[in-house]
K.L.:
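Below is the structure I would like to discuss, written out as structure tokens.
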Amino acid sequence: MKRLSPGFNRYFSHRKSPTLNSNTFHNHPSFTSNQRAQPKPISHASILQQVKHPNPIKQVHANIVTSGLSQNIFLSNRLTNSYSLCGLMEDAEHVFHRISDKNTVSWTILISGYAKNHLFIEAIEVLRKMITVSLLPNEITISSILPAFGNMGLNQMGRSVHCFWIRNGFATNVFVETALVGMYSKLGFAGAARQVFDGMSERNVVAWNAMISCYSGCGFGEEGFRLFNSMRREGFHVDCFTIMSLISASSGVEDLRVGEGVHGLTVRNGVESDQLVKTALMDVYVNGKRIEDAYFIFNDMPVKDVVAWTLMLTAFSSGQYWNKAIEHFNEMRRVEDLELDSVALTGIMSSCSDSGALHQGRRVHALAIKTGFAHDVFLGSAIIDMYANCANLEDARKYFEGMEEKDVACWNAMIVSNGMNGYGNDAVDLFLQMKCSGINPDESTLVCVLCACSHAGMVDQGLHIFHHMVRTWNIVPNLRHYACVVDLLGRVGRLGDAYSLVNSMPFHPDFDVYCALLSACKIHGNIELGIEISEKLFQLEPNDAGYYILLSNMYALAGNWECVKMARVSLRSKGLKKDPGFSSIEIDGELYTFMAGQKDHPQYFEVEGILKCMIVRIQEAGYVPDTKSVLQELSDDVKSDMLYHHSEKLAIAFGLGRTKPETTIRVTKNLRTCNDCHFACKFISKVFKRVIVVKDANRFHVFREGVCSCRDYW
DNA sequence: ATAGGGTTAG
């Protein structure tokens, strides 16, 4: 017998210090009194059962071969299973193929192995081969293959296997039925899942959990909670899987009290120490924008894994605490034994993208290269997005062209990047190239191309692509697409066409559609239609601050200050707040964020003088404050002062003071930039001989020598 | 030998 390698030791987690020599198998704790009858197979098998890492499995494998036991079907099956469990499907296949008389168990192990490794097509293929050699799948084979149909959306195949099961008159089996519930749940057929569930003669916790998670996954969270109550009435013990399903049921509910209730349940059922439960709870609070509560749970975790760290990172990023996100990421890198993965890198990359932090983004890109993740397509699309969002289309393009593998998301990111910069023709070219390279456009592609056409005023092109994609790519247009087309038509002034599209499309118009129409009304001065749309929006969602603002802005444009006041008062009486506008600028790798009128900003003393000087200089060059941009009834002096303190101007003034002459100034704004700031930026670029890049919520504006890249069309 | 759970981009 060959000696096992010393590395074998550390894979025995349950044994403190096994002495490893050829006697190990015989000394193994699971070794029982029948050792004399069949000593070797049992010891090999029991070791295989406990070992979860590739190397010791290979050792045992070699040992089996050298002991002349390779034809033992029981051992070969176990070996196939061990390889499958640690993801080595090639080795599993290898062992499987050497079994001369494969039985149902051998086939089932291989099928379940592929399914567990999410190789569903392979799993189905093995099942097909199994049937061709005239072996009938048993109840375990069936429960192993069902998830494959669910995950692949293979509705027909799943149903036919379900029929096969019934036709063959197998006795009811809780595993198969639970797997059927899971399959129908993944396919989105909550009704079919419930039918199976109701027909079960025996139900265990797993079956209840599967049904509850089905409801929460299909968006029927309340039904999930109702089922949970029945489950408790019937006396079933709640485990952490139940809690996980309830958490995901509650994360769809806006009312955070539901989430808090589940948090309480978690504590009462003693599963609050589970790592996954904690992470899921963090997610509930993150979704409810209660980042401090999430942070509390995070800090309370005795062991923080990379997922928890990453979730916290994206929480800071989504809350626009960008510096905190960067700080958190740096902290994360210092944690010992915490390996960064592509998800973590993608998280920080998209944070850099959202904040316009180009230097930080470059650092993360370098880190991605160093850690070998630079070719991950997920991270790749985030890298493209980051360069493009930081007004660096050239680097986005360079990276994109160097990519070995591009998926549809990478193409979409590149198309949208061109669109945001106003390069409509390039965006359309990319779209055509994408089709030539064999990548199928998806629903987002259509959005990206339509936006690009819209920004560039390419109405006919846009309409053509819309109709073409719907006809030949069988893309079913959704509300987002209609909003893009409304925008496309509205921007160039075809308000009538836009309006009749809104009335004839097969959906009730939503926020995006009305907003597209409304902004067209604003651009083209159709106040009457604008007020009509604003009121519709207002009725749609009377508790959203955004709609009050829109309505009041429309009244302001019409000069109806009475109505403006009414809208503002009702806004305040409901205690609603609108999202404040802010602009950020990155200087020496640090982000500075300014809010409009924020005179208590730590850098305000530094900005104040430069700002005053900047305003005077551009006024000399012909700038006049556009007081119409202030949508409140105030004196012109007060209006001008408000305009001078818009967040973009504060950030630009700060940038002028902190950077060398001729350096490009890049500012990122969370909302759309106003008319006055746009007007002022042209003068600033000319007077101070600077290129100014303003990224607003919509697109890029590159101001150079008094002209903007958007050609005043946004 | 069999079923159910957390993070990321467009």
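This structure is a prediction, so every number in the text was calculated from the model and none was measured.
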K.L.:
Of all the nucleotides listed (B:dG10, B:dG5, B:dA1), which has the minimum atom distance to the side chain of A:C240?
P.N.:
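Selected nucleotide (nearest to the side chain): B:dG5.
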
K.L.:
From the set B:dG10, B:dT8, B:dA3, return the single nucleotide nearest to any side-chain atom of A:V206.
P.N.:
B:dA3

K.L.:
Using a heavy-atom cut-off of 4.0 Å across all strands, would you classify A:N209 as base, sugar-phosphate, or nothing?
P.N.:
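The answer is base, as A:N209 lies within the cut-off (heavy atoms under 4.0 Å) of a base atom.
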
K.L.:
May I have the step-by-step check of salt bridge (charged side-chain N to carboxylate O under 4.0 Å, His left out) for A:R194 and A:E223, ending in yes or no?
P.N.:
CA-CA 11 Å; A:R194 184 60 187 257; A:E223 193 55 37; 3.8 Å; yes

K.L.:
Of the nucleotides B:dT8, B:dA1, B:dT2, which has the atom closest to the A:V105 side chain?
P.N.:
B:dA1

K.L.:
Atom OH of A:Y114 to atom C1' of B:dA1: distance rounded to whole Å?
P.N.:
17 Å

K.L.:
Expected output is a numbered-order residue list: members of residues 404-411 of chain A with a heavy atom under 4.0 Å from any atom of DNA chain B. What is it?
P.N.:
A:D407, A:V408, A:A409

K.L.:
Report the nucleotide, chosen from B:dT8, B:dG6, B:dA3, that has the shortest atom-to-atom distance to any side-chain atom of A:T314.
P.N.:
B:dT8

K.L.:
Select one nucleotide: of B:dG5, B:dT8, B:dG6, the one nearest the side-chain heavy atoms of A:Q275.
P.N.:
B:dG6

K.L.:
Applying the ring-ring contact (aromatic ring centres under 6.0 Å, His included) criterion to A:H328, which one of A:W322, A:F298, A:Y321 satisfies it?
P.N.:
A:F298

K.L.:
Please check: side-chain N/O of A:N421 versus main-chain N/O of A:S417, any donor-acceptor pairing under 3.5 Å?
P.N.:
yes

K.L.:
Nearest whole angstrom, please: distance from the C1' of B:dG5 to the CE of A:M211.
P.N.:
17 Å

K.L.:
Indicate, with a heavy-atom threshold strictly under 4.0 Å, whether A:D239 touches base, sugar-phosphate, or nothing.
P.N.:
base

K.L.:
Please check: side-chain N/O of A:N117 versus main-chain N/O of A:L119, any donor-acceptor pairing under 3.5 Å?
P.N.:
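No.
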
K.L.:
Where the side chain of A:S444 is defined as all heavy atoms beyond and including C-beta, which of B:dA3, B:dG10, B:dA1 is the nearest nucleotide?
P.N.:
B:dG10

K.L.:
In whole angstrom, give the distance that lies between atom CG of A:N103 and atom P of B:dT2.
P.N.:
14 Å

K.L.:
Starting at CG of A:L180 and ending at C1' of B:dG4, how long is that distance when rounded to a whole Å?
P.N.:
14 Å

K.L.:
Could one point to a donor on the side chain of A:D305 or the base of B:dG6 with an acceptor on the other under 3.5 Å away?
P.N.:
yes

K.L.:
Would you check if A:F241 stacks with the base of B:dG4, given a 5.5 Å centroid limit and a 30° plane limit, both strict?
P.N.:
yes

K.L.:
If a pair satisfies side chain to side chain donor-acceptor pair (under 3.5 Å) and one of its residues is in residues 235-246 of chain A, list it, with sequence neighbours excluded.
P.N.:
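Applying side chain to side chain donor-acceptor pair (under 3.5 Å) to every pair that reaches into residues 235-246 of chain A, excluding sequence neighbours, yields A:N209-A:D239, A:N209-A:T242, A:D239-A:T242.
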
K.L.:
Not counting sequence neighbours, which residues clear salt bridge (Lys or Arg N to Asp or Glu O under 4.0 Å) with A:E260? List them please.
P.N.:
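A:E260: salt bridge (Lys or Arg N to Asp or Glu O under 4.0 Å) contacts with A:R290.
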
K.L.:
Looking at every strand, decide which applies to A:S381 at a 4.0 Å heavy-atom threshold: base, sugar-phosphate, or nothing.
P.N.:
base

K.L.:
For the side chain of A:A280, starting at C-beta, report the closest nucleotide among B:dG6, B:dT8, B:dA3.
P.N.:
B:dG6

K.L.:
Quick one: label A:N204 by what it contacts on the DNA or RNA (base, sugar-phosphate, nothing), any heavy atom closer than 4.0 Å.
P.N.:
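The answer is base, as A:N204 lies within the cut-off (heavy atoms under 4.0 Å) of a base atom.
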
K.L.:
Tell me whether the side-chain N/O atoms of A:K186 come closer than 4.0 Å to OP1 or OP2 in B:dG4.
P.N.:
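So the side-chain polar atoms of A:K186 never come under 4.0 Å of the phosphate oxygens OP1 or OP2 of B:dG4.
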
K.L.:
Whole Å only: how far is the CZ atom of A:F96 from the C1' atom of B:dA1?
P.N.:
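Checked: the CZ to C1' distance equals 14 Å.
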
K.L.:
Assess the pair A:H118 and A:F120: is the distance between their ring centroids shorter than 6.0 Å?
P.N.:
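Ring centres of A:F120 and A:H118 closer than 6.0 Å.
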
K.L.:
Nearest whole Å is fine: how far is B:dT7 P from A:D274 CG?
P.N.:
14 Å

K.L.:
In whole Å, what is the span from the CG atom of A:D283 to the P atom of B:dG5?
P.N.:
15 Å

K.L.:
Measure CE/A:M386 against P/B:dG10 and give the value in whole Å, please.
P.N.:
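It is 12 Å, rounded to the nearest whole Å.
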
K.L.:
Measuring from the side chain of A:N412 (C-beta onward, heavy atoms only), which nucleotide among B:dT2, B:dG6, B:dG10 has the closest atom?
P.N.:
B:dG10

K.L.:
Verify side-chain contact (heavy atoms from CB on, under 4.5 Å) between A:R333 and A:L340, making sure each step is shown before the conclusion.
P.N.:
CA-CA 7 Å; A:R333 290 186 60 191; A:L340 290 182; 4.0 Å; yes

